[in-house]
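For reference, the structure is listed below as structure tokens.
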Amino acid sequence: MSSYAQHIATVQARFDAALAASGFDSALVYAGQPRVAFLDDNPAPYKVNPLFKYWVPVIQSPKSAVYYEPGSKPIVFLHQPRDFWHAHVEVPHEEWQNHVELVVVDAPEKIASYLGSKLERAAFLGENFAEPVASWKTAAVNPQALIDHLHFHRAIKTSWEVENMRQANVLAATAHNAARDAFFAGKSELEIHAAYLAAINFRESEVPYNSIVALNEHGAVLHYDVYQTQAPQESRSFLIDAGALYRGYCADITRTYARTDGFFADLINAVDQAQQDLLSEIKPGINYYQLHVSQHLKIAQILSDFELVKGSAESIYEQGYSSPFFPHGLGHFIGLQVHDVGGHQRNDRGDMFDRDPRHPFLRLLRDVEVGQVFTIEPGLYVVDQLLEDFAGNNDFNWQRIDELRPYGGVRIEDSIVVGENGNNENLTRDAFAQIES
């Protein structure tokens with residue numbers, strides 16, 4: 001059995017269980033459609049419903065849908081409109097078409113006509129902001145119990161999903177190397193971003209999220225995406241957080257570079273080593289929150305070693321001194337979405353973990369399990385807004401912090417597939433090794 005055949009069998013089994021648990025006969029998963037801006041007729045870039053591409057690797061056919069009733073073959077309604085204004089999206093014949101009943105429609109109204117009374121018994125999953133979909137009479141729209149069940153189990157990836165994520169990481173690593181070279185060539189942020197896209201022949205709308213391309217102090221802005229069009233007089237440092245898509249699955253990679261040897265280059269190496277040290281602690285059964293705290297202690301040790309903050313790693317962490325330097329969570333699930341769902345769920349019934357008041361931005365609080373894929377992305381930055389609360393604190397070496405400020409900060413991010421007994425796969429490092437071998 002092929003990996004896709006195993007995958008779609010798993011998806012069917014998960015929908016079977018979710019539908020039974022939530023009391024629905026069937027599901028209609030709508031791919032979605034573009035939205036237009038206010039008072040305009042120009043649509044924003046289309047992003048497919050992740051639950052649609054969970055079934056089939058089709059990401060550019062809006063107004064399509066998957067209908068699934070347990071015990072029956074899934075029906076994929078592939079929307080191909082009669083339209084002389086726009087080019088048709090080509091959907092090549094691939095293996096997935098052998099596992100579904102494929103129905104080509106030229107208008108979404110024909111989906112409702114084809115299903116007839118079955119539509120009224122189906123749970124609708126997706127956006128229904130536009131007609132005719134908004135008026136469809138279904139059993140429910142996005143019922144929370146059904147969504148919770150599906151989201152919880154999506155955390156365990158199938159072999160086919162991991163294969164796609166490997167390829168997405170190869171694409172992203174290739175583009176990252178091109179961006180790195182553009183930085184060392186003295187290019188602007190916009191030019192670096194253009195080099196990133198050109199290396200893998202992507203349009204900007206085809207990457208899974210807005211790339212963070214940050215020179216110098218811009219690296220301290222966690223979601224920086226302004227892109228200065230002129231190169232700075234001096235490019236001291238470069239932080240890039242950027243990804244790629246393959247068959248609908250995401251890569252999310254962050255790397256940081258220093259133009260010259262010295263203090264900041266040494267800091268990058270220290271954060272990189274701290275991240276690598278943490279990877280050896282990832283084992284089934286450990287809670288992700290424990291990993292987050294362990295990484296904080298390692299960042300606290302760096303703060304001490306580089307004389308940014310006085311004290312031992314333990315005292316720095318306990319006093320909350322590491323938080324302004326490392327304010328975000330350690331990482332998140334990744335897969336069909338960059339920030340994949342289910343990270344706060346205790347179970348498939350919708351019970352949730354409470355957000356920790358000390359680390360409120362942590363996106364993942366579940367126990368680590370074999371088959372999960374998540375990121376590990378520690379950082380260390382000079383964020384003046386967060387340091388304001390510690391003004392005048394003599395435990396902080398403000399002169400040393402001033403030395404770091406022009407470089408912004410450091411972040412290193414890899415995606416990890418959890419294996420048995422700590423035998424994990426690093427999708428990101430493996431991708432860089434593959435393209436450099």
Side-chain angles (χ1 to χ4, degrees), residues 1-11 13-14 54 150-173 243-255 272-295 298 329-348 353 362-378 412-437:
M1 181 182 290
S2 71
S3 60
Y4 177 76
Q6 292 173 329
H7 169 77
I8 196 169
T10 298
V11 173
R14 289 176 179 174
Y54 193 30
L150 293 170
H151 282 184
F152 183 79
H153 293 285
R154 264 180 54 195
I156 307 301
K157 299 297 187 281
T158 65
S159 296
W160 187 76
E161 292 181 290
V162 174
E163 289 171 11
N164 290 331
M165 294 174 74
R166 286 192 192 106
Q167 293 305 311
N169 273 269
V170 169
L171 287 169
L245 277 177
Y246 183 79
R247 293 181 177 269
Y249 285 85
C250 301
D252 180 6
I253 301 174
T254 309
R255 290 294 184 266
D272 185 75
Q273 187 59 57
Q275 192 245 27
Q276 292 295 286
D277 290 343
L278 185 81
L279 297 184
S280 65
E281 301 175 19
I282 299 172
K283 295 180 176 62
I286 192 171
N287 188 273
Y288 194 87
Y289 183 85
Q290 294 171 256
L291 294 173
H292 179 71
V293 172
S294 179
Q295 190 75 85
K298 291 175 173 59
L330 176 63
H332 49 81
F333 282 142
I334 185 169
L336 289 164
Q337 296 164 271
V338 176
H339 298 151
D340 224 343
V341 292
H344 288 161
Q345 289 186 247
R346 289 181 178 272
N347 51 46
D348 59 17
F353 289 101
L362 186 56
R363 290 187 171 98
L364 180 50
L365 292 170
R366 284 168 60 169
D367 287 347
V368 173
E369 298 180 64
V370 173
Q372 290 177 346
V373 185
F374 48 68
T375 65
I376 297 292
E377 48 181 303
I412 308 292
E413 179 182 18
D414 295 346
S415 292
I416 307 301
V417 184
V418 181
E420 299 279 358
N421 302 316
N423 184 24
N424 307 316
E425 178 182 355
N426 189 321
L427 295 172
T428 308
R429 305 262 171 172
D430 288 353
F432 279 109
Q434 178 179 330
I435 64 176
E436 291 166 2
S437 60

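Treat the numbers as computed from the prediction; the structure is a model and nothing was measured.
Between the CD atom of Glu281 and the CD atom of Gln295 there is a distance of 8.0 Å, given to the nearest 0.5 Å. In this structure, Leu278 CG and Ile376 CD1 are separated by 5.5 Å, a value rounded to the nearest 0.5 Å. Here the straight-line distance linking atom OG1 of Thr10 with atom OH of Tyr4 works out to 11.0 Å at 0.5 Å rounding. In this structure, CZ in Phe374 is found 7.5 Å from CD1 in Ile416, a value given to the nearest 0.5 Å. The distance from the NE2 atom of His153 to the CG atom of Asp348 is 3.5 Å, given to the nearest 0.5 Å. To the nearest 0.5 Å, atoms CD (Gln345) and CZ (Phe353) are separated by 10.0 Å.
Neither side chain, Glu413 nor Thr428, offers a donor N or O lying under 3.5 Å from an acceptor on the other. A donor and an acceptor atom, one from each side chain of Arg154 and Gln337, are located under 3.5 Å apart. Counted by atom type alone, Gln273 and Asp277 present one or more donor-acceptor pairs between their side chains at under 3.5 Å. Asp340 and His332 are not linked by any side-chain donor-acceptor pair at a separation below 3.5 angstrom, with hydrogens and angles left out of the test. Under the 3.5 Å distance criterion, with hydrogens and angles disregarded, a donor-acceptor pair is assigned to the side chains of Arg14 and Tyr54. In this model, a donor atom of one side chain and an acceptor atom of the other lie less than 3.5 Å apart for Ser3 and Glu163.
Residues Gln372 and Lys157 have side chains not in contact (no heavy-atom distance under 4.5 Å, counting atoms from C-beta outward). Contact annotation: the side chain of Leu245 approaches that of Cys250 to within less than 4.5 Å [non-hydrogen atoms, C-beta and beyond]. At least one side-chain heavy atom of Asn426 sits less than 4.5 Å from a side-chain heavy atom of Leu279. You'll find the side chain of Val417 reaches within 4.5 Å of the side chain of Leu427, heavy atoms only. For the pair Val418 and Glu369, the minimum side-chain heavy-atom distance is 4.5 Å or more. With a 4.5 Å cut-off on side-chain heavy atoms, Asn287 and Val368 do not count as touching. In this structure the side chain of Asp430 reaches within 4.5 angstrom of the side chain of Glu425, judged on heavy atoms. Side-chain contact between Met165 and Val373 is present, with at least one heavy-atom pair separated by less than 4.5 Å.
Counting all heavy atoms, side chain and backbone alike, Ala173 lies closest to Ala431 at CB-CB, 4.1 Å. Counting all heavy atoms, side chain and backbone alike, Ile156 lies closest to Val370 at CD1-O, 3.6 Å. Closest of all the heavy-atom pairs between Ile286 and Leu291 is CD1-CD2, 4.0 Å. The two residues Ile412 and Gln275 come nearest to each other via the heavy atoms O-NE2, 3.9 Å. In plain terms, the two heavy atoms of Leu330 and Leu362 that are nearest each other are N-CD1, 3.6 Å. Scanning all heavy atoms of the two residues, the minimum distance from Gly422 to Pro284 falls at N-CD, 4.1 Å.
Tested against Ser294 for a side-chain hydrogen bond (donor to acceptor under 3.5 Å, both in side chains), the candidates Gln290, Lys298, His292 yield a single pass: Lys298.
Between Arg346 and Asp367 there is no salt bridge, since no side-chain nitrogen of the basic residue lies less than 4.0 Å from a carboxylate oxygen of the acidic one.
Not a single donor-acceptor pair under 3.5 Å links the side chain of Tyr249 to the backbone N or O of Gln167. No donor-acceptor pair under 3.5 Å is formed between the side chain of Asn423 and the backbone N or O of Gly419.
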Evaluate side-chain contact (heavy atoms from CB on, under 4.5 Å) for Gln276 paired with Asp414, printing each intermediate quantity in order.
-> CA-CA 9 Å; Gln276 292 295 286; Asp414 295 346; 3.5 Å; yes
Thr375/Asp252 under side chain to side chain donor-acceptor pair (under 3.5 Å): CA gap, chis, key distance, verdict = CA-CA 8 Å; Thr375 65; Asp252 180 6; 5.3 Å; no
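Taking the centre and axis of the six-membered ring of Phe333, the NZ or CZ atom of Arg366 falls outside the cone set by 45° and 6.0 Å.
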